[in-house]
Structures are given as C-alpha cells and as structure tokens.
Amino acid sequence: MEHQTEVRGQGSARHAEIAGAGFAGLTAAIALARRGWSVRVHEKGLELREQGAGIVLWNNTLRILDAFGLTEEIERGSMRPPFYETRMQNRIVSDEDVPGIPWRTMTRPFLHSVLSSAAIREGVEIVTGSEVVEARDAGTLRLANGSEVSGDLVIGADGVGSAVRDSLDIRYERHQARDGITRFLVPRCKEELQAIEPDTEWDNVIDFWNLEPRVLRVLYTPANDRELYIALMAPADDAEGSAVPTINLDVWTSIHPQLTPVLKKAAGIEGKYFRYQTNRLEQWTRGRVALVGDAAHAMAPALAQGGGCAMMNAYTVAEAASAASTGDIPDALVEWERIERPYTDRCQTRSQRYADTRGMSKGGQFVGENNETALYDPTDPRRHDDVVAR
Ligand SMILES: Cc1cc2nc3c(=O)[nH]c(=O)nc-3n(C[C@H](O)[C@H](O)[C@H](O)COP(=O)(O)OP(=O)(O)OC[C@H]3O[C@@H](n4cnc5c(N)ncnc54)[C@H](O)[C@@H]3O)c2cc1C
C-alpha cells in the first residue's frame, strides 16, 4: 500500500510533529509554537483529557509555566500546602516546609486543561484519535490510519509504552519496583477528617506510611479547596492491598482508620494499580526524532519528579532545536541529550533507590542532592555555563 507523506512547514515556519498530548507533548508544543514553529500534536485518545488524579509541581515546572505566562491561572486552581508531613504508624517523623523551593499541588486534569488551552491559544493543532504507530529518523511519523506526516523535528512524547521509541528500536533497561500505587481524586471531606483527628493540619500533604503488620501507605495530597488526591501504595504481591478496580475498604481502613471518610469515597471509584518502573534508554534521540517524558525516562514517583522531568526535557528540547539551523537539528538533539540528560538520570537513580528501600518512610527527604531536580530552572539561559565550558 502506498502512502502520501504530507510535508508541512515549507513556508517560513519550521514544522514539528509530536506524538502524545500528555504533559510532555503539550509542553514541547507550546515551547515550539512560542518560538515560531508550526506544530501538530497527535493524541491517540478520542478526547483531549488527562485521566490521572493529582500532581505536585516544583520550581523546575513552575518556572516553565511562568515562562508560558500561566502562573496566575495555575495559582487560581491549585494550592500550596503549609507542610509536607511524614508519618510512620501514624506518628509524625518529619514536617517539612521545603524552604527555598516553590511547590504547588493540583489535580492532573486541571494542569492538563491549562496546558492544552495554552497550546491551542498558541496555534498548535491537536488531532485526537490519531495514533502514531512508527517513527523514522528522517523526521516522519506513520499513523494508524495509514497516512504519513513529516517535520523538521519529531517528538515522541507518547508515554511509557512509546510506539515512537519502540519503532526506532531504541533499547532500554526496565526495572520494576516491588510496590505500586492506585490513585484517586475524592472530595476533601475536611470537616469529617477534623472530627476524627482535630489536632491534624488537614491542609498538609501527609505521607501516611505503615510497614507493620503489612505495607500499606496512603499519600494524602490536598489539590485545591474541594479536591483531595490520595495515592494508595501496596506491594504488588499483596492481593488485598493492590486489589482493583475496587479497593479493599476493610483492609485499608483497618490500617488507616483516621482516613475512613476519604477511603470510603475512593472505594466508590474504579481504580487502576500502577507498578513503579524505571526505564533507561540507550539514547533519547535518533536523527530528527527526540524522545521526552515517560517515553524516554519513566521513573518511580518517590521524589514526585516524573512529570517535572518530562516538562523540563520537553521545554529544553524545544529550545535546543530552535537554536539550531534546520540542517543541524540532529546534532543539536545529540548535544541537548548530552547536557540535559544527566539531571534526569540522577533523579531516576534517586527515585528508584527510594522506591526500592521505601526510604521516604524516614521523612526529611527534601534535603541536599534530592532537591537538585526540584530546584532546576530550565528557563535560565545560563544554567549550563560551567558544563558547556568544560
Ligand atoms: C503514582 C504516580 C504519582 C506521580 N506523581 C507525580 C508528581 O507528583 N509529580 C510529577 O512531576 N510526576 C509524577 N508522576 C509522574 C508523571 O505522572 C509522569 O512522569 C508524566 O505524566 C509523564 O508525562 P508524559 O507526557 O511523558 O506521558 P503521559 O502522561 O503518559 O502522556 C502520553 C500521552 O501520549 C498518548 N499516546 C500514547 N501512545 C500514543 C500513540 N501511539 N500515538 C499518539 N498518542 C499516544 C497518551 O494517550 C497520552 O495522552 C507520578 C507518576 C505515578 C505513577
């Protein structure tokens, strides 16, 4: 069967084709469009929406949103909890206000709608129901409907199961942790929670660890005035703790009785259990194709930086490609990976270590090198002065 390859961007604007309208794909799309590119995003889902629950964003991503002029909009729909509290067997082991690092909590559908609306305002074309099945290093995407599209730059932002990555035969190592998580957005139920534990600050993020008699952890994250993000972590080999689509309410409330009002709400919602995984690719680029986000560097959520790294790398690859001449884009992508990737590699290593050891249960994790990625400012043009000079 013969296919016509549609080539865009033959006028003054250079053209990018992006696979995936998640946080990575949308960030790359906005960053490129703001630099004068024509951009088309292919999203295999029939609707433009994010199905996940909540997310914590740190300085690295808040700087990008600010560069896009989205700070006010983000602040209106998110919150900054007073403390990040860690408890073990319901005893507080640390209360961190994470000094010096801006951070905010929000729902994922909210962040997704802010980014997708911004992309559309910037002139990005988003095609839903458009599944990418293959990429070629010359800058081509083949779609499930049989057509081919090409651009000066192709970005694979199609998540952990990336068709772009796999079709380019980029090898990777995969590490699965023993634990996984089921995530929900539920009503805050603040008054009911206060009635059970009046001395608790229910606006805090509270990481309720429990290791004895069984490992069952609840990460409690207020996302705004109305919505609460709760993530229920259990080992993959605990059939009751990881039970989905309906959680085992008796098991969870027996360990975390103070959370009964919100666990009851979660029990009324269908959940999916995600096992933590870390993927390390042999390379992130091939010719005119760059991989970003979970397609390139899925990581355990221990430091809450998977989305952060996805947006950082999406933003910086757009910057690197824009600074290069069209002919030099493949080389510019290789150089981008050389300079930017070490931050993500280190974050993946730390996150995997924390996930493997359950070390976050000790609290006090927002210190020293753990903060490297959260503090990073991908919008600072001088951030690599010392690296480039070496
Ligand atoms: C439990 C948990 C908690 C987390 N908490 C945080 C947190 O607090 N902070 C944080 O920064 N990160 C967090 N993360 C990580 C973060 O969720 C991910 O790293 C981030 O969502 C990755 O974004 P992405 O755009 O790369 O991929 P995705 O969000 O997976 O988006 C990929 C998109 O591509 C589409 N797609 C897939 N295949 C194709 C195809 N073939 N063709 C076209 N489209 C396709 C999908 O439909 C989807 O829309 C967490 C992760 C987990 C599991």
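Indexing begins at 1, ligand by ligand and atom by atom, following the structure's order.
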Q) Any idea which atoms of ligand 1 are less than 4.0 Å away from a heavy-atom of Glu131? A) 41 (N), 42 (N)
Q | Closest contact, heavy atoms only, Arg350 versus Leu303 | A | CB-CD1, 3.8 Å
Q) Hey, which atoms in ligand 1 end up nearer than 4.0 Å to a heavy atom of Tyr229? A) 3 (C)
**Q.** Residue-ligand contact Ser130/ligand 1, heavy atom below 4.0 Å
**A.** yes
Q | Numbered atoms of ligand 1 (with element) below 4.0 Å of Gly307, judged on heavy atoms | A | 10 (C), 11 (O), 12 (N), 13 (C), 15 (C), 16 (C), 18 (C), 19 (O), 20 (C)
Q: Run the contact test for Phe23 against ligand 1 with a 4.0 Å cut-off on heavy atoms, strictly below, and give the result.
A: yes
Q. Tell me: protein heavy atom nearest atom 27 (O) of ligand 1, and distance?
A. Gly159 CA, 3.8 Å
**Q.** Heavy-atom pair with the smallest gap, counting every atom of Ile247 and Ala267
**A.** CG1-CA, 3.8 Å
Q) Looking only at N/O atoms, are Asp294 and ligand 1 under 3.5 Å apart anywhere? A) yes
Q: Look only at interatomic distance and state if Gly306 has a nitrogen or oxygen under 3.5 Å from any nitrogen or oxygen of ligand 1.
A: yes
**Q.** Per-atom contacts of ligand 1 with Gly293, taking only distances under 4.0 Å to non-hydrogen atoms
**A.** 26 (O)
(Q) For ligand 1, which is the ligand I care about here, please tell me if Arg183 has any N or O atom under 3.5 Å from one of the ligand's N or O atoms. (A) no
Q. Just distances here: any N/O of Gly54 and N/O of ligand 1 closer than 3.5 Å?
A. no
Q | Mutual orientation of the aromatic rings belonging to His256 and Phe208 [parallel < 30°, tilted 30-60°, perpendicular > 60°] | A | perpendicular
Q. Which residue pairs pass the side chain to side chain donor-acceptor pair (under 3.5 Å) test with at least one member in residues 358-368, sequence neighbours excluded?
A. Asp179-Arg358
Q. Under 3.5 Å, N or O to N or O, is Val132 touching ligand 1 that way?
A. yes
Q. Does any N/O atom on Glu50 come nearer than 3.5 Å to any N/O atom on ligand 1?
A. no
Q: Give a yes/no verdict on whether any heavy atom in Met299 is under 4.0 Å from an atom of ligand 1.
A: no
Q.
Using a 4.0 Å cut-off to any heavy atom of Ala157, which atoms of ligand 1 qualify?
A. 32 (C), 33 (C), 34 (O)
